Q: 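Sharing a structure with you now.
A, B, ... follow the sequence lines: proteins, then strands. Residue 1 opens every chain. Please read these numbers as outputs of a predicted model, since none were measured by experiment.
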Number of protein chains: 2
Amino acid sequence: MKRITIKDLARHLLLSTSTVSRALVNDQHIHPETRAKVLEAARKFGYKRNPAALNLKYGLSKNIGLVVPEMVTPFSSKVLRGIQNILYPLGYRIIITESDEDPHRERENLLLLEEFNVDGIIINLCDKKQNQEVHQQLLERGIPLVFFDRIPSGALEAPQVRVDDAKHAAAMVEHLIATGKKRIVHLKGPDNVLNSEERAGGYIGVMKKYGLYDPGLVIEAGGLSFDDGRKAAELLLKKAVDFDSLFAFTDTLAIGAMNFLLEKQILIPRDVSVSSFSGTELATMIYPQLTSVEPPLMRMGEMAANLILAKIEDIGAENKVVFLDAELKVRSSTQDK
Amino acid sequence: MKRITIKDLARHLLLSTSTVSRALVNDQHIHPETRAKVLEAARKFGYKRNPAALNLKYGLSKNIGLVVPEMVTPFSSKVLRGIQNILYPLGYRIIITESDEDPHRERENLLLLEEFNVDGIIINLCDKKQNQEVHQQLLERGIPLVFFDRIPSGALEAPQVRVDDAKHAAAMVEHLIATGKKRIVHLKGPDNVLNSEERAGGYIGVMKKYGLYDPGLVIEAGGLSFDDGRKAAELLLKKAVDFDSLFAFTDTLAIGAMNFLLEKQILIPRDVSVSSFSGTELATMIYPQLTSVEPPLMRMGEMAANLILAKIEDIGAENKVVFLDAELKVRSSTQDK
DNA sequence: GTGAAAGCGCTAACAA
DNA sequence: TTGTTAGCGCTTTCAC
């Protein structure tokens, strides 16, 4: 079944295609009656404008690329939701790619998106500097980039949406201390993620403030998976670190660690309380539910979408760095009842 | 920075655009030397073909729509991965929409995708019949549909990829019985999902076969969320149903129920063993890990992609119903150690 | 207020 | 082997 075009309508109404077009785009210079007739016919025949024609005409594809490190947790899908809220009503399509925490894949995804002729790319990095040249290259080719959550280390000329990692990490540690914990382990994120340093910084600051800091309490997770969290907990026990609580870089690490502790008959929160950063629904799916710092993911997506729109409209638009406020959600994993 | 076109290359090389085009598409009728020159220039100037122009020319958008009920669990993202494996190398873009288990939203998504001019739609339903007319309409308008996992109830003229729900449910119940369980509760999925009936059917068949069937053991979950699972478990205790194990329609239900039981100090698997259908990574993120029937999600996506390609190529292609084999993964939630 | 024509980038039939 | 031309669907000058 052939798609109905403006030409079909014109032929049917004995009008020129330009008049039909004018009616459809609500041009001023058209007789109201004519417009009405066209609109009626369009409705009747189920006319749909062909996006490809517009893309060609205006040189804009109305495609936005999204690059995320993983889609196993609901983190990215929440952000996606926010992006869609803004972009779908404006007729943009969103093309999602997953890097699998692998900079090499991320690179391929970026090139794929360029191939797809996207008008801009919203990205959550898997590595703070591995693909800097690609990012730079894309920017130079006029494809705007917006970073969110995990941002690049250098001062790349692009807008960012993030939370204040140090501040919120500090708040979490304050919370643990307020519940009487003293030996707080930090499961630090991997070195190749900028936020690792910042969250660790927030942790260290508060620990020092209370005279609780002990480098032996900081343990670096090799990656960001459940398994990495699990292994970190294993190491903790093997090294016989004395600890009463745990603050993990991320949900997945916390849950991985928690499951290992549970297996070892260590009760949570009775024996060890557990908390994390970057909480998602995942935190409420497990037992006990996980105390976590929760960034406003949907708003993060909406903000990123708005920033990319601004850059698409005017490539010279300011490269804002937007900080959103995260929320500290206290749940059973840090709360004896 | 302006995008470089075929025209720019032609001008630079003092050739016609058609010659350049021929070189780029590997046409036979071209001097090898000329081709080499063109390819070299294309590489040098970073030429990228404009997809929009091709879309316009051939009337194909190279966009495929994906409609999924939720993206909180990794289910959909696994299927997506499979779809991408097939479709990205062929230059297709994939546009993802989430229905949020709401037929109304699903309908909007479908219309949005039509608006976006997709060449086909791959869909996992949230309701077995609510949007039948829309599906029918899309098919009539020449937009092929492929269903996967949760399929429509009527005999819609479209390919499907699924697993044998009854068979695998039966296998799971057999497993529970083999571990000595007799009072096996089934957390049945909601009525508006076709698979609910089929999985329940598999359950009932085996229960009857062993003379264990008791209608009081079947409890219908109002929906598919964690909370629905939780509430179902609550009801179970309130009604003082005597049970030693539980087979849930889906991961989310099982986990919701499990968490409630754990809160009530009911140990898993010691007091009650728990299992589910449609397992995802989620099953391994929790403690204890969940025994589940795991459909080959990535292959499901790949298969769906292949089916939609066949339909795009030839709208009259056979409407195959493909059954994939799922795997019964036995984990700690049904295994005393 | 309406129509004719050009053009966005690319390909393919037709000429040469 | 290469060039010319038309056309995909739409918008937008420029005439009238």
Q: Of all residues at least two apart in sequence or in a different chain, which pass the side chain to side chain contact (heavy atoms under 4.5 Å, CB included) check with B/Thr19?
A: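 With sequence neighbours excluded, B/Thr19 shows a side chain to side chain contact (heavy atoms under 4.5 Å, CB included) to B/Leu15, B/Ser16, B/Arg22, B/Ile30, B/Thr34, given in chain and number order.
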
Q: Could you list the residues that satisfy salt bridge (charged side-chain N to carboxylate O under 4.0 Å, His left out) with A/Arg162, not counting sequence neighbours?
A: A/Asp165, A/Glu198

Q: Return the set of residues passing side chain to side chain contact (heavy atoms under 4.5 Å, CB included) with A/Glu115 (not counting sequence neighbours), or none when no residue passes.
A: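 A/Glu115: side chain to side chain contact (heavy atoms under 4.5 Å, CB included) contacts with B/Lys48.
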
Q: For A/Asp119, what residues pass the salt bridge (charged side-chain N to carboxylate O under 4.0 Å, His left out) criterion, not counting sequence neighbours?
A: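 Checked A/Asp119 against salt bridge (charged side-chain N to carboxylate O under 4.0 Å, His left out); zero matches.
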
Q: Not counting sequence neighbours, list each pair that qualifies as a salt bridge (charged side-chain N to carboxylate O under 4.0 Å, His left out) and has a residue in residues 65-87 of chain A.
A: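 Listed by first then second residue: A/Lys78-A/Glu281, A/Arg81-B/Glu98, A/Arg81-B/Asp100.
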
Q: Charged N to carboxylate O under 4.0 angstrom, A/Arg105 versus A/Glu108?
A: no

Q: Go along nucleotides 9-16 of chain C 5' to 3' and tag each nucleotide: B for a protein heavy atom under 4.0 Å from its base, S when only backbone or sugar atoms are that close, - otherwise.
A: BBBBB---

Q: What is the 5' to 3' range of DNA chain D, first to last nucleotide, that sits under 4.0 Å from any heavy atom of chain B?
A: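 Reading along DNA chain D, I get D/dT1 to D/dG9.
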
Q: Hey, can you pull the donor-acceptor pairs under 3.5 Å for the side chains in residues 85-92 of chain A, sequence neighbours left out?
A:
unit_1	atom_1	unit_2	atom_2	d
A/Asn85	ND2	A/Glu302	OE2	3.1
A/Tyr88	OH	A/Gln84	NE2	3.4
A/Tyr88	OH	B/Ile96	O	2.8

Q: Contact list please: residues 29-44 of chain A against DNA chain C, heavy atoms, distance less than 4.0 Å, in numerical order.
A: A/His29, A/Ile30, A/His31, A/Thr34

Q: Partners of A/Asn319 by side chain to side chain contact (heavy atoms under 4.5 Å, CB included), sequence neighbours excluded?
A: A/Glu157, A/Pro159, A/Lys311

Q: Of all residues at least two apart in sequence or in a different chain, which pass the salt bridge (charged side-chain N to carboxylate O under 4.0 Å, His left out) check with B/Asp27?
A: none

Q: If the condition is salt bridge (charged side-chain N to carboxylate O under 4.0 Å, His left out), which residues does A/Arg93 pass it with, not counting sequence neighbours?
A: none

